[in-house]
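Chain letters run A, B, ... following the sequence lines, proteins first, then strands; residues in each count from 1. Here the structure is a predicted model, which is why all the values come from computation and not from measurement.
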Amino acid sequence: MREDASVMHVDADAFFASVETRHKPSLARSPVLVGGTGPRGVVATANYEARAVGCRSAMPMSQARVLCPAATVLTPRFPAYAAHSALIMGTLRQLSPLVQPVSLDEAFVDLAAGPFAADPVTAADLARRLIYNRSGLVVSVGLGRSKLIAKLASDADKPHGFTVVPGENEDEFLMPKPVGALWGVGPATEATLRTLGIRTVADLRAAGRDDLVRVLGDAAGWNLYRLARGDDPRPVVVEREAKSVGAERTFAQDLLRWELPGALEDVLARALRRLGRQGGGARTVTVKVRLSDFTTLTRSVTLAHPTAEADQLREAADAALTAANPVEPVRLLGVSLSGLTHWAQLRLPQDEADGAAVDGLMASEDLAEAPTVSSASPDRVPTPDESHLLDDAPPDEAVGRPALEDDADDGDEERLPAPLTPHTVALGLDVSHPHHGAGWVVRAEDGLVTVRFEGPNTRPGPDRRFDIRRELLMRVDPPEPCPPARLTSLATLGKADELTAMLLPDESTRRTPDGSSGTSAGSSDSLV
DNA sequence: TCTGGGGTCCTAGGACCC
DNA sequence: TCTGGGGTCCTAGGACCC
């Protein structure tokens with residue numbers, strides 16, 4: 001294990017909700033819930049104002065609304081989150097080439113591999129300041145000798161935390177933590193451990209390895225035995241290949257048997273589109289069915305060869321659904337494609353196939369020297385999580401492309417701008433009006449849509465109501481990430497100052513959208 | 001109050017082969 | 001006639017993460 005606390009974990013605080021309040025100034029300092037707005041929606045992120053009254057991630061939205069009737073409820077805007085994520089990851093990559101995104105809002109960084117190996121603390125401080133100055137988003141940062149410690153450190157002082165745990169303080173830091181704080185210990189494992197009288201990491205360390213393995217199994221037992229000792233050699237790795245892609249959907253009302261084939265086709269189409277973007281094939285199709293009583297069945301079919309052919313994969317999905325044979329109403333249907341390969345078995349169109357030796361396996365990489373998602377914006381590599389949110393061009397248009405059309409009509413992938421319709425309207429969406437400009441949907445009833453005209457760094461905006469059956473409102477892309485009106489003056493960066501200048505020669509002349517200089521402290525009165 | 005959606009990894013059991 | 005053990009692949013279910 002390394003000597004220095006040079007593994008950094010960065011975690012954006014209440015990420016989705018923070019991007020929302022960044023774009024919607026009228027919501028600042030008021031409770032916001034981002035998540036599913038339907039009858040079976042859950043909370044993806046609650047901001048700190050909503051958490052104060054008990055709202056939490058993964059809580060049913062209906063429950064959160066009862067706890068916090070004053071909250072503004074918004075539909076997630078993934079493109080906006082992806083853009084802010086890209087900015088965060090890009091900033092981190094200036095500090096080290098070894099950046100491992102964990103999700104849209106979280107990443108590990110191995111600072112020992114970068115230009116600041118000699119001073120990780122300064123680099124970590126720089127990270128949070130740069131991210132704030134470029135996006136207005138607040139992150140929490142933790143530094144430790146391992147991922148385990150770095151992650152716990154970033155969590156120790158949220159929001160806007162900055163915690164460094166040097167090697168000699170690790171035990172003191174780790175021992176009092178509840179076991180549930182450890183990576184891999186969820187509710188079930190926590191309950192099991194409690195039956196052994198194990199509640200804290202200190203308890204865990206006192207436990208025998210054989211006992212842990214007996215109760216938790218080989219992998220989890222060994223893992224916890226080591227983590228309890230602060231022993232976590234996992235390196236920060238830049239990229240991991242996706243093992244599966246899929247899609248699933250919970251229906252507003254349970255589906256009856258005769259409705260299943262159509263619904264499966266729908267979900268499969270989304271999974272296939274994701275597979276198409278990966279540019280390879282899959283060998284195993286798994287169908288997931290959740291019944292009205294919440295019991296969950298999965299059935300899978302493995303083909304002889306990986307394929308990207310929609311028809312073959314559809315046949316397998318149909319067979320898997322038949323095998324699952326749900327007799328009760330179905331609340332969720334999912335399709336997952338695994339056994340992914342870069343290779344896909346291609347069936348060439350008849351007129352091209354004759355006499356061609358190109359039959360069989362072709363490497364998708366060979367199909368075209370096509371731009372990939374990551375090359376579209378050179379300074380980042382999307383995580384598997386976000387990759388589907390970003391690309392606007394299918395990777396290969398060339399030779400013998402498999403029969404997977406990216407017909408891009410998921411609703412969430414519609415090309416913008418596009419007219420807002422009663423069908424596509426959702427709370428929080430970005431819209432534009434020819435005279436009043438950019439705003440977001442505050443309310444929608446039938447064809448009547450209320451829009452609040454505001455954006456990043458504007459004053460809280462006025463509401464106006466439109467009848468979209470008679471008046472045109474356009475759905476538009478979200479605002480780009482941009483510096484906040486109130487910048488942390490670079491002069492207050494202290495030691496980070498010189499490093500900033502070195503990293504970003506033009507940072508000191510960067511201008512805020514309203515035209516004021518980014519270096520002047522207190523440009524807060526520059527609100528439009 | 002009634003439980004999302006994207007994933008990863010692990011386990012146990014059975015089939016099959018040598 | 002009865003009995004082996006290891007390895008690999010597949011499947012279903014479940015825990016976990018964000």
(request) Ignoring backbone atoms, test whether A:Arg40 places a side-chain nitrogen or oxygen under 4.0 Å from the OP1 or OP2 oxygen of B:dG4. (result) no

(message) If the cut-off is 4.0 Å, is A:Arg270 near the phosphate of B:dG5, judged by side-chain N/O to OP1 or OP2?
(response) no

Review item, nucleotides 12-16 of chain B N/O atoms under 3.5 Å of protein N/O:
none

(request) Please measure how far the C1' atom in C:dG4 lies from the corresponding atom in B:dC16, and state the result in whole Å. (result) 15 Å

(request) Select base, sugar-phosphate, or nothing to describe what A:Gly36 touches, counting heavy atoms under 4.0 Å on all strands. (result) nothing

(message) Taking the minimum atom-to-atom distance to the side chain of A:Arg283, which one of C:dC10, B:dT8, B:dG5 wins?
(response) C:dC10

(request) Report the nucleotide, chosen from B:dG7, C:dC18, B:dT11, that has the shortest atom-to-atom distance to any side-chain atom of A:Trp183. (result) C:dC18

(request) Remember a base hit wins even if backbone is also touched, and classify A:Leu337 as base, sugar-phosphate or nothing at under 4.0 Å, heavy atoms. (result) nothing

(request) Select one nucleotide: of B:dC2, C:dC18, B:dG5, the one nearest the side-chain heavy atoms of A:Thr250. (result) B:dG5

(request) Write down the atom of A:Ser154, the atom of A:Ser140, and the distance for their closest heavy-atom approach. (result) O-CB, 3.4 Å

(message) Please determine whether a side-chain nitrogen or oxygen atom of A:Ser244 lies at a distance below 4.0 Å from atom OP1 or OP2 of B:dT8.
(response) yes

(message) Between the side chains of A:Lys147 and A:Asp232, is the shortest nitrogen-to-carboxylate-oxygen separation below 4.0 Å, so that they form an ion pair?
(response) no

(request) Kindly indicate whether a cation-pi arrangement holds for A:Arg134 with A:Tyr132, taking the cut-offs as under 6.0 Å to the six-membered ring centre and within 45° of the axis. (result) no

(request) Pick base, sugar-phosphate or nothing for A:Thr286, based on heavy-atom distances below 4.0 Å to the nucleic acid. (result) nothing

(message) Counting the atoms with a prime plus P, OP1 and OP2 as sugar-phosphate, which does A:Gly38 contact under 4.0 Å by heavy atoms, base, sugar-phosphate, or nothing?
(response) nothing

(message) Any carboxylate oxygen within less than 4.0 angstrom of a Lys/Arg side-chain nitrogen, looking at A:Glu106 and A:Lys151?
(response) yes

(message) What is the separation between atom CZ on A:Arg273 and atom P on B:dG6, rounded to the nearest whole Å?
(response) 12 Å

(message) Among residues at least two apart in sequence or on other chains, which ones pass side-chain contact (heavy atoms from CB on, under 4.5 Å) with A:Thr295?
(response) A:Leu291, A:Asp293

(request) Could you tell me the separation between the CZ atom of A:Arg234 and the P atom of B:dC9, rounded to a whole number of Å? (result) 12 Å

(message) Please compare A:Leu216 and A:Val245 by the position of their nearest nucleotide in DNA chain B and report the one closer to 5'.
(response) A:Val245

(message) Under 4.0 Å, heavy atoms only, any strand: does A:Leu297 hit a base, just the sugar-phosphate, or nothing?
(response) sugar-phosphate

(message) With rounding to the nearest 0.5 angstrom, report the NE2 to CD1 distance, A:His9 to A:Ile149.
(response) 13.0 Å

(message) Return the CG to CG distance between A:Leu227 and A:Leu182, rounded to the nearest 0.5 Å.
(response) 6.0 Å

(message) In this structure, how many angstroms lie between the C1' atom of B:dC2 and the CZ atom of A:Arg290, rounded?
(response) 12 Å

(request) Kindly say if A:Thr302 contacts the phosphate of C:dT11, meaning a side-chain N or O under 4.0 Å from OP1 or OP2. (result) yes

(message) Whole angstroms only, please: what is the CE-P distance between A:Met61 and B:dG5?
(response) 13 Å

(message) Between C1' on B:dC10 and CG on A:Asn223, what's the gap in Å once rounded to a whole number?
(response) 11 Å

(message) Looking at B:dC9, I'd like to know if its phosphate oxygens (OP1 or OP2) sit under 4.0 Å from a side-chain N or O belonging to A:Lys243.
(response) yes

(message) To the closest 0.5 Å, what do you measure between CZ (A:Phe162) and CZ (A:Arg129)?
(response) 8.5 Å

(request) Report which part of the nucleic acid A:Ala220 touches: base, sugar-phosphate, or nothing (heavy-atom distance under 4.0 Å, all strands). (result) nothing

(message) How many whole angstroms separate atom CG of A:Leu332 from atom P of B:dC2?
(response) 18 Å

(message) Heavy atoms from C-beta onward define the side chain here; which of B:dC2, B:dG4, C:dC18 lies closest to that of A:Phe294?
(response) B:dG4

(message) Which nucleotide wins on minimum distance to the side chain of A:Asp218, given the candidates B:dC2, B:dG6, B:dT11?
(response) B:dT11

(request) Could you tell me whether A:Gly186 contacts a base, only the sugar-phosphate backbone, or nothing, with contacts defined as non-hydrogen atoms closer than 4.0 Å? (result) sugar-phosphate

(message) Regarding A:Thr286 and A:Thr298, do their side chains bring together a donor and an acceptor under 3.5 Å, going by distance alone?
(response) no

(request) Let me know the distance between CG of A:Leu333 and P of B:dG6, rounded to the nearest Å. (result) 12 Å

(message) For DNA chain B, please output the secondary structure as dot-bracket, reading 5' to 3'. Pairs are Watson-Crick or G-U wobble, both atom distances under 3.5 Å; mark crossing pairs with [ ], other-strand partners with |, unpaired with a dot.
(response) ....||||||||||||||

(message) Just the rounded figure in Å: distance from P of C:dC17 to CG of A:Leu152.
(response) 12 Å

(message) Any base atoms under 4.0 Å from A:Pro76, or only sugar-phosphate, or nothing? Heavy atoms, all strands.
(response) nothing

(message) Side chain of A:Glu248 only, heavy atoms from C-beta on: which candidate in B:dC9, B:dT1, B:dG6 is closest?
(response) B:dG6

(request) Indicate yes or no: does A:Arg77 engage A:Asp477 in a salt bridge with an N to O separation below 4.0 Å. (result) no

(request) Let me know, please, whether A:Gly246 or A:Ala44 comes out on the 5' side of the other along DNA chain B by nearest nucleotide. (result) A:Ala44

(message) Check this for me: does any side-chain nitrogen of one of A:Arg128 and A:Asp125 sit under 4.0 Å from a carboxylate oxygen of the other?
(response) yes

(request) Scan A:Arg299 against the nucleic acid and name what it touches under 4.0 Å (heavy atoms): base, sugar-phosphate only, or nothing. (result) sugar-phosphate

(message) It should be established whether A:Arg274 places a side-chain nitrogen or oxygen under 4.0 Å from OP1 or OP2 of nucleotide B:dG7.
(response) no

(request) Check every strand shown and say whether A:Lys151 touches a base, only sugar-phosphate, or nothing at a heavy-atom separation below 4.0 Å. (result) sugar-phosphate

(request) Verify the distance criterion only: is there a donor paired with an acceptor across the side chains of A:Arg22 and A:Ser135 at less than 3.5 Å? (result) no

